[in-house]
Each structure stands twice: as C-alpha cells, then as structure tokens.
Protein chains: 2
Amino acid sequence: MKVTIREVARQANVAPSTVSRVLKNSPSISQATKDKVNEIIKKLGYHPNEIARSLANKSSQTLGIVMTASAEDSFLNPFFTQFILGVTRYIENFDYSLLLSSAKNEEDELNQISRAVNSKRVDGIILLTVREQDENVKYLLKSQFPFVVVGRPNNEGDIMWVDNDNTKAMKDVTETLISSGHKRIAFIGGSQKLQVTKSRLLGYKEALQRHEYPVEKDLIIEADFTEEEGYRATVELLKKQRDIDAIVTTDDLIAYGSMGAIKDLGYQIPQDISVTGFNNTLLAPYLSPSLTSVEINATELGCQAAKILLKHICDEELESNHHIVDTKLILRSSTK
Amino acid sequence: MKVTIREVARQANVAPSTVSRVLKNSPSISQATKDKVNEIIKKLGYHPNEIARSLANKSSQTLGIVMTASAEDSFLNPFFTQFILGVTRYIENFDYSLLLSSAKNEEDELNQISRAVNSKRVDGIILLTVREQDENVKYLLKSQFPFVVVGRPNNEGDIMWVDNDNTKAMKDVTETLISSGHKRIAFIGGSQKLQVTKSRLLGYKEALQRHEYPVEKDLIIEADFTEEEGYRATVELLKKQRDIDAIVTTDDLIAYGSMGAIKDLGYQIPQDISVTGFNNTLLAPYLSPSLTSVEINATELGCQAAKILLKHICDEELESNHHIVDTKLILRSSTK
DNA sequence: CTGAAAGCGCTTACAG
DNA sequence: CTGAAAGCGCTTACAG
C-alpha cells in the first residue's frame, strides 16, 4: 500500500499541512507534535513524493547536462566522467539531482536544451562547451533560464562560467621548459578560432617574451585534436625548422602524434626534443616516454559549475559570475 | 508570462481536457479541433509541464543510474561514458530521461538507490555492478521496483540483466592464441570470487581442453585490477615457470603491468611472449606494442539495459529476462 | 466528439 | 500552534 502525506496525517491525528511542516522542520510546530508525526513517518516508512513537491514548489531540484557531440567522441578524455562526478558530489548536499541527456549532433543540442527548459524538469543547465556564436547560449539567454558554461565565453559579463586559467597554465609549461634550458620551443595547438587555443597560445607567447625569446610565426602551427594531425604538424615543423628542442601542445593526443613523428624522424625524446601535452588524459602516464601534461581538475570544474549555478538559482549573492579552477603541471619523462 | 494548458484551452475555445487529448493525438478528437488547438499551441509556444504530467500519470518517464564507487575510480575505462551514451540514445526515443547520482562508497549506494525509489523520481533503475550478496539487489527486489543489472547475477532467474558472454570471449582469445601456435598459455585474472573472473577463467579452460592442452593450476593466477598487480603476478609466473609463450589477462591494466614485467625480465613481446588484455580500454591502441584486447561494446550494453528495463516498465512481453551483447576480439601487435 | 469534475500528492497563505 | 482550503498543471473516467 502506498503511503502518502494524508495517510501519515490520518494516523497521527493531524492535518496534512501539519505533516508537511514537520517535514521541513518548521519552527511553528510544537515539539510534541513533531515527535508524534515523526514516529508515524518512521513507522510507515513514509517518503515524500518529490514529483508532487516539485509541482507545488515550482522547482524541480534538478540540474541538467547535455552531453554534446564533441564530448562523446573524445572518450580518451576522462573529462566527462570526472566532471559529472564533481557535479553530483556537490549538488547532493542540497538534495539536488542531475538529469542527463545526449545530443546526436550539434543541431540536436538545441532540441535537448529546449526540451529541458520547457518541460520544467530542471532548474538550471550546465553547458560543457561554448562556441564563438553559440546558439545554445543565445537561446538560454533569451529564455532567461539559469545556466553556466564550461569555458570562457566571448561576452564574459553576461553569463556565468567556470574555466581553467589556460593562459597561465601554458605560460607555466613554457617557462618550465625555458628554465630547464630549452632554447627553441614550438607550439602546436587546436584551431585558433577556439578561445581555449587563443588563451593557451597567449600564455606561450607571454612566457617567451618575458624571457626575451623571439616569438616566431613559423614555430606556431595549427592542428586538429587528433593523433594524425599532431603527427602531420610535427613533420611539417621539423622538416622546415632546425634546432627545435621542445614542442608544447594543447592536447595529449596531439602530443602523442607529435611523439610518433619525432621518433620516426630519428630524434630522441626528451634528449633531442621535449614534448608536453595538455589535459592530463588517461594516456599520459602510459605512453613511452610518459608524457608531461597539464591536469585541469575536471572534478573541481564540475563542482564549481554546480556551485555557481545553484547559488544563482537560490538567489544567493554571487561574488563573481565565474570561477577559475587551478591547473597543475604534471612533470613526466617526455621533458628534460 | 507562463503558458499552461488552461491558457491554450482558453484561446482555442475548448476545455483543457480537449487540449490534453490533442497533445496525445487522441483519435476521438476531430481534425478541425486538432488543427485549431495545434495552431494556438504553436502560436503560444506551449510545452507541457512534465512534472505535472508525471504526477497525474504516476510515471516519471525517467530511469536512474547510480555511479558506484568502483565505476568512478576506473576512469581508464571508457565504460561509464559509453554506457550512459547507449542508455540516453535509446531512451530518448521514448521521451525518457536519465537521472544520475553518485555514491560516495559502497554503503552510500543503498542510500542513493532508496532515495531514487522512494522519491518517485524514477520509474526504474540500472545497476552498473552486481555483487555476490548484493544488498542493492535485495532492496530493489523487496521494494518490487523495476531494475536491471549489468553483469550476470547469481540468481539469474529472478532479475533482469545484460552482459557480455565472458566465457565465449575468453575462449575466443585463447583459441586464437592456440591456433597461431602458442603452446603454453597462462591466465591472470581478477578475484576469483567475481562472477566475471569465473566466467573468463572458464572460457580459458574450455579452450585448452577443447584442444587437449592440459589445464595447469600453476599457470592460473589472481591479481587485482591494477598495473602493479599485473606486474607482480607476471614476475611470479615467469620466475617459477618455463616455456610460457602467452599470457591472457582479464583487464588491459593488468596486461599493461604484465607487459612491463615481461620486458623487465628480458623477454620480447610478442616474439617470446604474447599478451592480451580485456575491455579494450583507451590504453590498448597506445601502448607499445599496442595491445590485443576484447571490445565489450559498452554502448550496446547501455542500450540493451535500457531496452529491457523500459519494456518491463511498459508491461511489454519480454522474450527473456536478459540480453547477451557480443564482444569482439581486437587483434593488435602484442600477439603474434 | 467534447466538457466538467475529480484526482495525482504535495505546499502555503490565510484564518483562528 | 494548527487546520481547511486553494492551488501547482496536468490526465482520465464519466457523462452527454
């Protein structure tokens, strides 16, 4: 037999509204009544129906995440799982849940998002990516629906976001290489249209300039986030240029491809050329040589994204509309 | 201004119940009325409130998954992400959603599960693991709540499950090695208390017996699912035994550790000793030599788990209480 | 083919 | 300190 608030009320000889107040531990209820009601609750094993609660409260106590097409195929990256873990860990303290949906492709993302928004099943949404002209962001802004994005958006002021300090992270990498004696450092990054590439490239340049190294255009090269592209870019680089003694990349997979090219061209890692990755994926410790990379702390990003979004939803004061999560350079055998 | 079914009804000059029927495309509504109502729905951008729907229907149109403690820390395994993807892809065709929660540890799992059950927020639950004496399973059984588990349970008859045919998979691996001329094949597996280890060990034995190879106790060794344990087990094996020319393992990480030990002891892979992994993790293609492994099709497992559970929830006829997902042996350079 | 009414299981403003 | 009533936004059995 199903037990509802009415049944509890009946057996406790009180009104349903009283039971409801006991449930939220309202100060206006006498201790005696609370004890009596709680006893019946326990006896009957009563648990409130959260659907009914959501309807009455007009709040689903749920956040939503749409797995984007791009997030899916990069299974190499533990990012998604770790991020989710950070989110769930944080929100369960507030009795919030996480609703997940997956988009088949880029266009499908908007469907998933609008469904989540319109169905009233979530109180807020976390976007795992931001694009240059982001339709998802535009839609959410127009709908005045609470959301937070992962990654630094163009129009920073308007929306909430969490991200690493990519510029600082890449500056660290480059400066570490400089201080260990590397003289000519190349940069292989993703599309320079991406904000994340821009930021990391900037960090690379800042480090060079700070140490009065020239910034050479020919040492900066674009590659997609694949092994093949890392390989291609590295071959291109090493065929034309001499004296390169380090290559920094913006992704472990690019670095892996790069390492393959370096070996194939007869160089040794790190004796002749040092290589660094980014994102500290599962791969990094298992490559040979193991790959120096940058840990981005995805769990912490998830936690902070949830935190900022939840605060906004609960109308709490936000000190800032964003949060920067620290990175950590993990030194391994691919650098000297 | 929020738009509800009442507002649509008012503007269309019909009753809310009629709008509701139009929404589910009830055959008892005239086409003229449907057209009229649909026009208003479109004009107002009306979307039903799914929370209210759930309450009225007593169905949340949602499945739940609890991330177990063990699932979390094996980030090497893309299993979780792929599985989730399979689930979401399948259920969205039925307008179902996926609710995710994470357990801090083994005991916390039951909390998460009972919360999901009692809150009425999910119509069914997917368990990512089954244990020997599984409290979660007991609880769900007692609650008469729909659920499906990943992995073959002890009391197969009672509950729904999806799994690979681990026995067949390992038999394939072993027979492939036999047919390529390997003479003395060792087995390193996880705890023999685990059903999955038992099944894989059985496959190994069946292959040997079928080809009239002796089953030697000394060639079968237990190790945890870590690199270190794979290393330890392999050293133990190779120190005591001669003429081993292949080692099959039940996990890529064990295989990775094993490969390290083989190299350190001065043997070549695969010339002297072939090695195989299992689960075809992200690692496998990137190791040197790249690792032969067994693809378990986690996405398909997720899809089938969702399918069987959804059918049960919808009271559809189930041909079977379980589903076996095919595995695929991926041959790479670690075997000859 | 359509509508009025009751109900899903809660919450909360109001009254006492 | 507590209760009766109305409401959250839907659905569906019943009546016509």
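All values reported here derive from a predicted model rather than from experimental measurement. Chain A is the first sequence line, chain B the second, and so forth, proteins listed ahead of strands; every chain is numbered from 1.
Across all strands shown, nothing is found opposite dA13(D) as a Watson-Crick or G-U wobble partner with both distances under 3.5 Å. Base pairing of dA4(D) is not made with any nucleotide, judged by Watson-Crick or G-U wobble geometry with both donor-acceptor distances under 3.5 Å.
Residues Ser20(A) and Ser17(A) have side chains that never bring a donor and an acceptor to within less than 3.5 angstrom of each other. With hydrogens and angles left out, the side-chain atoms of Glu300(B) and Gln82(B) include no donor and acceptor closer than 3.5 Å. Side chains of Gln61(B) and Asp95(B): no donor on one and acceptor on the other come within 3.5 Å. When only modelled atom types and interatomic distance are considered, Asp123(B) and Tyr96(B) share a side-chain donor-acceptor pair under 3.5 Å. A donor-acceptor pair shorter than 3.5 Å cannot be found between the side chains of Lys104(A) and Asn111(A).
Distance NZ (Lys120(A)) to P (dC8(D)): 13 Å, rounded to an integer number of Å. Following rounding to the nearest Å, Arg6(B) (CZ) and dA6(D) (C1') show an atom-to-atom distance of 12 Å. Rounded to a whole Å, the CD atom of Gln61(A) is 20 Å from the P atom of dC8(D). Between Arg121(A) atom CZ and dG9(D) atom C1' the separation is 15 Å, expressed in whole Å. Rounded to a whole Å, the CZ atom of Arg53(A) is 20 Å from the C1' atom of dC10(D). Put simply, CD on Glu50(A) is 19 Å from P on dC8(C), counting in whole angstrom units. What separates CD1 of Ile29(A) from P of dT2(D) is a distance of 5 Å, to the nearest Å. The distance from atom CZ of Arg21(A) to atom P of dC10(C) is 15 Å, rounded to the nearest whole Å.
Comparing dC10(D), dG9(C), dT2(C) against the side chain of Ser30(B) picks out dT2(C) as the nearest. Between dC10(D), dC8(D), dA4(D), one nucleotide has an atom nearer to the side chain of Ala15(A) than all others, and that is dA4(D). Taking only side-chain atoms of Thr4(B), from C-beta outward, the nucleotide of dG3(C), dC10(D), dT2(C) with the closest atom is dC10(D). The side chain of Thr33(A) approaches dT2(D) more closely than any other nucleotide in the set dT2(D), dG9(C), dG3(D).
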> Could you walk me through whether Glu7(B) and Arg10(B) pass the salt bridge (Lys or Arg N to Asp or Glu O under 4.0 Å) check?
Replying inline: CA-CA 5 Å; Glu7(B) 182 61 21; Arg10(B) 201 183 61 76; 3.0 Å; yes
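Listed pair Ser20(A) / dC10(C) fails the phosphate criterion, with no side-chain N or O lying under 4.0 Å from OP1 or OP2. For Asn57(A) and dT12(C), the shortest distance from a side-chain N or O to OP1 or OP2 is below 4.0 Å. Side-chain nitrogen and oxygen atoms of Lys58(A) include at least one within less than 4.0 Å of the OP1 or OP2 phosphate oxygen of dG9(D). Contact between the side-chain N/O atoms of Lys34(B) and the OP1/OP2 oxygens of dC1(C) is not found at any separation under 4.0 Å. Side-chain nitrogen and oxygen atoms of Lys24(B) include at least one within less than 4.0 Å of the OP1 or OP2 phosphate oxygen of dT12(D).
Projected onto DNA chain C by closest heavy-atom contact, Ala52(B) and Thr18(A) fall at different nucleotides, the more 5' of which corresponds to Ala52(B).
Between the side chain of Ser17(A) and the base of dA5(D), no donor-acceptor pair under 3.5 Å is found.
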